[in-house]
Amino acid sequence: MQISQELSLPSMGCGTWAWGNQLLWGYDESMDEQLQAVFNLCVSNGVSLFDTGDSYGTGRLNGRSELLLGRFTQEYQGVNQDHICIATKLAAYPWRWTRQAMVKACRSSAQRLGKNVDLVQMHWSTANYAPWQESGLLDGLADLSEQGLVKGVGLSNYGPKRLQRVHEKFAARGVPIKTLQVQYSLLSTYPVTDLGLKDVCDELGIKLIAYSPLALGILTGKYAEKGSLPKGIRGLLFRQLLPGVRSLLECLREVAASRNKTMSQVAINWCICKGTIPIPGAKSLEQAQQNIGALGWLLDSGEIAALDQAAASTDKKMVQNIFQTQ
């Protein structure tokens with residue numbers, strides 16, 4: 001029997017991909033105290049949704065993000081304490097293909113968190129490469145809801161066609177899909193503009209979560225073609241993208257200046273104005289404070305139109321997640 005529980009979703013969340021990731025984000029364990037401060041600042045300002053995944057954390061640090069979130073949740077006492085929502089994504093690993101494997105994976109996540117997962121999400125669809133694998137994983141996801149082990153279930157990197165199929169499958173079992181998470185920003189409008197995903201979500205009563213709303217940092221304005229770039233993979237990507245996004249960054253800069261806001265805040269607010277829940281990452285108090293500055297105001301229709309136009313005429317776009325389905 002399914003236990004109905006309340007899922008609290010704010011207008012913005014915090015992504016924790018970097019919490020434990022040494023390869024892409026340069027994490028090390030000396031950052032933990034700072035990350036606790038980030039968590040506390042976010043929750044106290046109403047940013048109470050934290051998105052993680054059971055695959056987050058490189059090498060021996062696998063699961064680190066969940067462990068940290070579990071610790072921080074238990075240690076936090078203060079405003080919005082009852083509204084904290086930990087959303088984890090269960091990876092569709094090749095060796096994870098039965099419904100029982102998904103239930104077991106979620107129990108492992110709960111163990112790391114020290115509490116039940118609030119929102120459990122399928123990290124990606126296997127439809128693009130192993131469609132036979134997906135059925136069991138989705139059954140397991142629905143089982144978690146039916147067994148009352150989570151407050152809600154969601155999907156990640158699904159397009160409208162797959163989403164509608166899964167919605168029908170779940171509806172037959174009385175399990176609602178609460179959220180869908182996709183890569184969405186001014187540099188990655190594809191899921192909404194090309195696939196019409198937002199309209200389908202609205203029709204089905206599903207909340208759209210926007211990950212990478214700052215396009216891995218390109219939209220912050222911190223990086224320039226001839227300036228210093230991040231190390232590793234991000235630096236290589238930025239070198240390719242920056243020359244083609246000049247006009248978009250200039251438009252962002254103009255709107256930010258007229259609003260007395262930062263480019264990051266404008267880019268995040270644009271996602272909110274589009275009816276999504278952006279989940280920008282934060283590794284420092286400064287970044288968290290920046291993100292929080294995107295709340296409490298809204299861009300006007302003229303500003304949104306100017307940004308839309310600049311985004312549409314951009315030569316280069318963010319590479320779509322390879323798992324994103326139609």
Report the distance from atom OH of Y158 to atom CD of Q164, rounding to the nearest 0.5 Å. 14.0 Å
Between the side chains of Q121 and Q181, does any donor sit under 3.5 Å from an acceptor? yes
Check R96 with D54, please: is the shortest side-chain N to carboxylate O separation under 4.0 Å? yes
Treat each ILVMFWY residue as a node, draw an edge where side-chain heavy atoms are under 4.5 Å apart, and state whether L90 and L67 are in one component. no
Between the main-chain N or O of A294 and the side-chain N or O of N269, is there a donor-acceptor pair closer than 3.5 Å? yes
Exactly one of V166, V153, L137 clears side chain to side chain contact (heavy atoms under 4.5 Å, CB included) with M122, and that residue is L137
Give a yes or no on whether a salt bridge exists between E250 and R253, defined as a side-chain N under 4.0 angstrom from a carboxylate O. yes
From the list E134, Q324, Q326, H167, side-chain hydrogen bond (donor to acceptor under 3.5 Å, both in side chains) with R162 holds only for E134
Donor + acceptor pair across side chains of W270, D308 (<3.5 Å): yes
Taking a hydrophobic cluster as the set of Ile, Leu, Val, Met, Phe, Trp and Tyr residues connected by side-chain heavy atoms closer than 4.5 Å, whether directly or through intermediates, do L242 and L186 fall within one such cluster? yes
Applying salt bridge (charged side-chain N to carboxylate O under 4.0 Å, His left out) to K104 and not counting sequence neighbours gives none
Report, one line per pair, each donor and acceptor closer than 3.5 Å where one atom sits in a side chain of residues 204-219; sequence neighbours left out.
unit_1, atom_1, unit_2, atom_2, d
Y211, OH, N157, OD1, 2.7
Y211, OH, N321, ND2, 3.1

Please tell me whether T52 and E66 have a donor and an acceptor in their side chains that are separated by less than 3.5 angstrom. no
We want to know whether K274 and Y184 form a side-chain donor-acceptor pair, criterion being a heavy-atom distance below 3.5 angstrom. no
